[in-house]
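Below, each value reflects all heavy atoms present in this structure, side chains not excepted, and no hydrogens, waters or symmetry copies.
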Amino acid sequence: MKNADIATVFENIADLLELKGENKFKIRAYSRAAQIISHLPEEMELMHEEGKDFQDIPGIGDAIAKKSMELITTGRLKYYEDLKSQFPDGIINLMDLPGIGPKTAYRLATELEVTSIDQLEQAIRDGRVMSLERMGEKTAANILHSIEAFRRKDRRIPLGEALPVVEEVLKALRNTPGAGNLTPAGSLRRFKETVGDIDLMGTADDPEAVVKVFTKLPQVREVLGYGSTKASVILPRGLQADLRIVEHNSFGSLLQHFTGSKEHNVALRTKMQKKGLSLSEYGITDIASGITEKFGDEESFYNRLGLQYIPPEIREDMGEIELAEQNAIPALIEISDIKGDFHAHTIGSDGMDTIEDMARAAKILGYEYLAITDHSSGRNIPADKKMDRIREQTDEIKRLNQSSLGIHLLNGVEVDIRADGSLDLPDEVLAQLDVVIAAVHSSFLQERGQMTQRIAGAIENPNVDIIAHPTCRKIGEREPVDVDMEAVFQAAAKFGKALEINAMPDRLALKDLYAYRARELGVMLVIGTDSHTVAHFDLMRFGIGVARRAWCRPQNVLNTRSLKDALDFLHRS
DNA sequence: GCCGTTTTCGGCCCGACTGTTTTCAGTCG
């Protein structure tokens, strides 16, 4: 059983215990364990095989360790099944609706025998919900609204779609006189791969004026509500955005609070409470004296707590607070560390621009090198022309490298790993190139063993340097392939091959947790934009976001190295 | 249920909003 499934069981247990009216701290313990398990960089199955003790994981004690073990070894949990049998089936589903918590769900299920969203809608429409104690017309209408939103499948949207909209909004707001510090907070600022709603923070001499401008922006589809210091609106794609404007001197605690994550903030407050400090969006209160200190920026907020500044991307309660206490937060990779890009396409395959266009664009970014890695065949290249195409590319790159472009081009390819594990180009051709990326582009539904062997086999091939987008997922579109990533990491570490963090915002694979684990195992990572036009080079920042979430320092990422050092690593110099 | 450079027992993050009531429970982030 995978961590994600184990976490779901514990989350459901927390919900069921809440229905039961159990001790809320016990409920919190299960809920917290679920969070912790879903964020573990290593599968518990594997930890079990390695003889690691689950109780060494902070937040997991004797009881939950035993239950995890039962789930891993038997695939079931008797405690959970007993608990489930005490409630009507489907009651947990009701709690998926915003506004319906355990108490309401329990009453609906027991007093109205409603246990599905469809039944609930019916019960609202025929007036039964309104007839319950402490349930009025407004509550019923609100639940109906939630049901409609739920049906519209208002899911989290990819970061890459949200961020451009947000930046447009912020740009417009910056023109308001007296407005400052306009910054996105929440999961967007932490560079999570998808975002739910959007939190925007700022300061102003006249907050009301900024709020007013915000509600009248052309991007705003609907104003949900607004007051003198905040407003909630709906942007395109059903994206909800909340703006909060405060006075300049309390911006630090506000931004810290709304950046989260929730887990980070809870851990931080728990720790500081023991030192007699109470934290909130308004500042830091000394519990004994009741005096609240305000902070204009986050750095001074963290410093007041005796902590080093913690970058937003790693605020997930994954040990960052303890490291910050020791002043030991690593210097994470920054976009300015990037010296080149190992993954780019041109009109030679399915790209939109020429090699020269791409080279000039990369040069403007200050890159030292750019690898041209068009596909081996398919995607605009007939199978019988694939050798001709490589020859043409080789000649063109040679010509450009002899001209005075000011950037070094690497002659590369993105070669398909076929369903049977063989590569789409012969070894003698691959051996003559500067860099070879291998990737799966077909037969995504292969079973685990075959897919693992397919990818691991490519890693073993001495002519392969990098595996691109190893899980092949597309966020909201295509599930990741079924592959034993641990085996892939082990192979990459053993053979000294790099794994790509694909910076395309709809891919972002390796995802953060995999990149974290790969880094831990000493695997070299590479951030590739997979650019298909010159404009795509700007997507590098999304890959940087993932790398930072994976706690990567520059030395963990190949394309922070100089051309010579990078080629040395790949044994290509 | 978890945890301990003040605790192996007695604590456990903080604030706001909403709806339905007159002091608050439930839910959310």
Side-chain angles (χ1 to χ4, degrees), chain A residues 10 13-37 54-68 79 83 94-108 129-143 145-146 156 185-188 190 195-199 201 224-225 227 229-230 232 240 242 244 246 250 253-254 256-285 287-288 292 305-306 317 321-322 325-326:
Chain A
F10 289 136
I13 288 176
D15 284 345
L16 291 168
L17 291 176
E18 219 170 342
L19 285 166
K20 229 180 148 173
E22 260 283 4
N23 177 313
K24 63 178 178 167
F25 299 108
K26 184 170 168 178
I27 296 165
R28 189 180 299 168
Y30 276 104
S31 186
R32 196 171 131 71
Q35 276 295 331
I36 290 163
I37 290 169
F54 297 150
Q55 284 196 62
D56 291 343
I57 305 168
I60 309 279
D62 181 50
I64 293 182
K66 283 209 179 80
K67 289 186 173 74
S68 303
Y79 174 76
L83 202 55
L94 295 179
M95 286 191 272
D96 285 342
L97 292 170
I100 299 212
K103 296 284 193 287
T104 313
Y106 186 75
R107 292 187 57 203
L108 291 169
V129 169
M130 253 175 69
S131 69
L132 294 177
E133 282 281 298
R134 291 189 67 93
M135 293 281 246
E137 201 174 335
K138 276 199 166 169
T139 306
N142 284 345
I143 296 174
H145 194 73
S146 290
R156 295 176 70 87
S187 50
L188 193 84
R190 303 199 316 277
V195 298
D197 50 21
I198 288 172
D199 298 301
M201 305 293 132
L224 296 175
T229 61
K230 59 184 171 183
S232 288
Q240 180 175 335
D242 300 326
R244 283 159 212 266
V246 293
S250 53
S253 46
L254 179 85
Q256 197 284 330
H257 176 82
F258 284 103
T259 294
S261 64
K262 185 183 165 196
E263 290 74 27
H264 174 83
N265 284 352
V266 168
L268 199 60
R269 290 193 196 130
T270 306
K271 192 175 268 286
M272 292 308 153
Q273 194 189 43
K274 289 168 188 158
K275 296 186 180 173
L277 299 173
S278 170
L279 319 183
S280 79
E281 58 264 51
Y282 302 108
I284 299 174
T285 307
I287 297 169
T292 301
L305 301 174
D317 192 23
I321 297 171
E322 292 70 20
E325 281 179 315
Q326 301 155 25

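The interatomic distance linking Gln256(A) (CD) with dC14(B) (C1') rounds to 12 Å, in whole Å. Computed from coordinates, the Lys274(A) NZ to dT7(B) P distance equals 12 Å when rounded to whole Å. Atom CZ of Phe25(A) and atom P of dG11(B) are 10 Å apart (whole Å). Ile287(A) has its CD1 atom 11 Å from the P atom of dC13(B), to the nearest Å. Straight-line distance from the CG atom of Asp317(A) to the P atom of dC13(B): 12 Å, rounded to whole Å. Note: NZ (Lys275(A)) to C1' (dT7(B)) measures 17 Å, nearest angstrom. Atom CD in Gln326(A) sits roughly 14 Å away from atom C1' in dT5(B) (whole-Å rounding). Atom C1' of nucleotide dC12(B) and atom NZ of Lys24(A) are separated by 9 Å, given to the nearest angstrom.
Looking at residues two or more places apart in sequence or on another chain, you find no side-chain hydrogen bond (donor to acceptor under 3.5 Å, both in side chains) involving Lys230(A). Tyr282(A) pairs by the side chain to side chain contact (heavy atoms under 4.5 Å, CB included) definition with Ser280(A), not counting sequence neighbours. Remark: Asp242(A) pairs with Asp197(A), Asp199(A), Ser232(A), Gln240(A) by the side chain to side chain contact (heavy atoms under 4.5 Å, CB included) rule, at least two apart or across chains.
When the C1' atom is compared between dG26(B) and dT21(B), the two are found 14 Å apart, to the nearest whole Å. For the P atoms, the distance linking dG29(B) with dT22(B) amounts to 27 Å, nearest Å. Of the P atoms belonging to dG10(B) and dC17(B), the separation is 37 Å, rounded to the nearest Å. Rounded to a whole angstrom, the distance from the C1' atom of dC13(B) to that of dC2(B) is 16 Å. Between dT20(B) and dC24(B), the distance separating the two C1' atoms is 9 Å to the nearest Å. Taking atom P in both dT8(B) and dG15(B), one finds a spacing of 29 Å when rounded to whole Å. A distance of about 31 Å separates the P atoms of dC12(B) and dG19(B), rounded to the whole Å. Spacing of C1' atoms, dT18(B) relative to dT23(B), comes out at 15 Å, to the nearest Å.
Contact between the side-chain N/O atoms of Thr270(A) and the OP1/OP2 oxygens of dC12(B) is not found at any separation under 4.0 Å. The phosphate of dA16(B) (OP1 or OP2) has a side-chain N or O of Tyr282(A) nearer than 4.0 angstrom.
In dT7(B) the O4'-C1'-N dihedral to the base is within 90° of 0, which defines a syn nucleotide.
Residue Lys66(A) is out of contact with every strand shown, counting any heavy-atom pair closer than 4.0 Å. Within 4.0 Å of Ile27(A), counting heavy atoms only, lies no atom of the nucleic acid at all. Looking at heavy-atom distances under 4.0 Å, Glu137(A) makes contact with sugar-phosphate atoms alone, never a base. Counting non-hydrogen atoms under 4.0 angstrom, Met135(A) reaches the backbone sugars and phosphates but no base. Using a 4.0 Å heavy-atom criterion, one finds that Asn142(A) contacts the sugar-phosphate atoms exclusively. Among the atoms of the strands shown, none is found under 4.0 Å from any heavy atom of Leu268(A).
Positionally, the nearest nucleotide of DNA chain B for Val266(A) lies more toward the 5' end than for the other of Val266(A) and Gly136(A). Nearest-nucleotide positions on DNA chain B for Glu281(A) and Thr139(A) put Glu281(A) closer to the 5' end.
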Query - Stepwise side chain to side chain contact (heavy atoms under 4.5 Å, CB included) test for Lys67(A) and Phe10(A) - result: CA-CA 9 Å; Lys67(A) 289 186 173 74; Phe10(A) 289 136; 3.9 Å; yes
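Note that OH of Tyr106(A) is 13.5 Å distant from CG of Leu94(A), once rounded to the nearest 0.5 Å.
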Report task. Summarise protein proximity over nucleotides 23-29 of chain B in one line of letters, 5' to 3': B for base, S for sugar-phosphate only, - for none, counting protein heavy atoms closer than 4.0 Å. Result -> ---SSS-
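Under the Watson-Crick or G-U wobble criterion, with both distances below 3.5 Å, dT8(B) is left unpaired in every strand shown.
Sorted by first and then second residue, the pairs that involve residues 270-281 of chain A and meet salt bridge (Lys or Arg N to Asp or Glu O under 4.0 Å), not counting sequence neighbours, are Lys271(A)-Glu325(A), Lys275(A)-Glu325(A). Among pairs with a residue in residues 131-140 of chain A, none fulfils side chain to side chain donor-acceptor pair (under 3.5 Å), at least two apart in sequence or across chains.
Residues Gln256(A) and His264(A) are in side-chain contact: their nearest non-hydrogen atoms beyond the backbone lie under 4.5 Å apart.
No side-chain N or O of Gln35(A) forms a donor-acceptor pair with one of Asp317(A) less than 3.5 Å apart.
In the set dC12(B), dG19(B), dG1(B), the nucleotide with an atom closest to the side chain of Gln273(A) is dC12(B).
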